[in-house]
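Input: a single structure, listed below in structure tokens.
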Amino acid sequence: MWLRLAVSVFNSLGPRLQAIFDVIAFAQQVRCYDRVWDCCCDHGYLGMSIVNAALCEKLIFVDQVPHIAQQLERQLLEQPLLYPAERYEVLTSDASDLDFNSEQRHLVILAGVSGKTVVDIVRTIRKTHPLGNIDFILCPTNALFDVREYLVAKEFVLLSESIVAEKSRHYEVLYVSPGDVESTGSQLTHTGAMWDEKNIEHQRYLARIIAHYQRVVEGGNDDRAEGILQRYQSCFSR
Ligand SMILES: C[S@@+](CC[C@H](N)C(=O)[O-])C[C@H]1O[C@@H](n2cnc3c(N)ncnc32)[C@H](O)[C@@H]1O
């Protein structure tokens, strides 16, 4: 029974959530977060895997929709051996309204929501907790250039970045910190430094982005589009 449940949870981590899980596992070895926040958690698969693998002292599931959070909490409580209650909390909240204990180190995960939502949440968290030890793993569903543009403007430092393909879609996983580039990471760029010209999935992803911005340029409604297009067109020639 437990084996079946465990298998069903781990089967449900597709390549995208698995890539994020792997970054968290790495992050915990090097930066040791006290709290990991699975924000916009919905089904909670990522957080459940983290709790089950005991990757952190406490994982906080956050979703703004009450019935989603309630259903997830019921599911977790039904399986205490897989998800020991002392290792997690479930909050019904807008991820912008969270309260972070400034004496702890925090890792906030925002995945499966739009780039605009990601930027809105990160911006608000930074505003309400300017001195907090809060790093982020971001995996938006769209508008990666806008997300990166915001992070570059706010001088976030890059800890890791990657591209992951799932069901004919592509995602970027950005692990970033508001910390100091000298001591913690590298310079974040507007289009990324992770491109591998020989990787077929990178080729497909880049072709899709370029086609998107070509359409935007042709539409003539966005003054920035031509410049963004040129940046992406040079990704493989660096
Ligand atoms: C598509 S699911 C993403 C689930 C999971 N993170 C993933 O990547 O597979 C999006 C979830 O984000 C929640 N959500 C959207 N905006 C939110 C916000 N500002 N604060 C908290 N939850 C939010 C929605 O209620 C929904 O359950």
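Note that ligands are numbered from 1 as they come in the structure, with each ligand's atoms numbered from 1 the same way.
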Starting from [atom], locate the nearest protein heavy atom and write down its residue, its atom name and how far away it is, to 0.1 Å.
{"atom": "atom 20 (N) of ligand 1", "answer": "Ala95 N, 2.8 Å"}
{"atom": "atom 1 (C) of ligand 1", "answer": "Gly112 O, 3.3 Å"}
{"atom": "atom 18 (C) of ligand 1", "answer": "Gln64 OE1, 3.3 Å"}
{"atom": "atom 2 (S) of ligand 1", "answer": "Asp42 OD2, 3.5 Å"}
{"atom": "atom 9 (O) of ligand 1", "answer": "Arg16 NH2, 2.7 Å"}

Handout entry: Residues Glu166, Arg169: salt bridge by 4.0 Å N-O rule
Key = no
Handout entry: Salt-bridge contact Arg231-Glu149 (side-chain N to carboxylate O under 4.0 Å)
Key = no
Is there a donor-acceptor contact under 3.5 Å from the side chain of [X] to the main chain of [Y]?
{"X": "Gln104", "Y": "Asp34", "value": "no"}
{"X": "His170", "Y": "Leu206", "value": "no"}
{"X": "Asp38", "Y": "Cys41", "value": "no"}

Ligand 1 versus [X], non-hydrogen atoms closer than 4.0 Å: side chain, backbone, both, neither?
{"X": "Val113", "answer": "side chain"}
{"X": "Ser93", "answer": "backbone"}
{"X": "Asp120", "answer": "neither"}
{"X": "Cys139", "answer": "neither"}

Show the atoms of ligand 1 that are less than 4.0 angstrom away from any heavy atom in [X].
{"X": "Ile68", "result": "27 (O)"}
{"X": "Val65", "result": "25 (O)"}
{"X": "Ile121", "result": "19 (N)"}

Practice task
Find out if a path of hydrophobic residues (ILVMFWY) with successive side-chain heavy-atom gaps under 4.5 Å connects Phe26 to Tyr33.
Solution key: no
Exercise for the section: Report whether Val147 and Val152 are members of the same hydrophobic cluster (ILVMFWY, side-chain heavy atoms less than 4.5 Å apart, transitive linking). Expected result: yes
Exercise for the section: Measure from atom 12 (O) of ligand 1 to every heavy atom in Cys39, Cys40, Gly14 and give the option owning the shortest one. Expected result: Cys40
Handout entry: Option set Thr117, Asp94, Val62, Asp63, criterion heavy-atom distance to atom 25 (O) of ligand 1, minimum
Key = Asp63
Problem - Ser96 N/O under 3.5 Å from ligand 1 N/O - result: no
Practice task
Could you tell me whether Glu103 atom CD has more than 12 heavy atoms of other residues or ligands within 6.0 Å of it?
Solution key: no
Handout entry: Mutual orientation of the aromatic rings belonging to His202 and Trp195 [parallel < 30°, tilted 30-60°, perpendicular > 60°]
Key = perpendicular
Handout entry: Proximity of Tyr232 and Tyr213 rings by center, below 6.0 Å
Key = yes
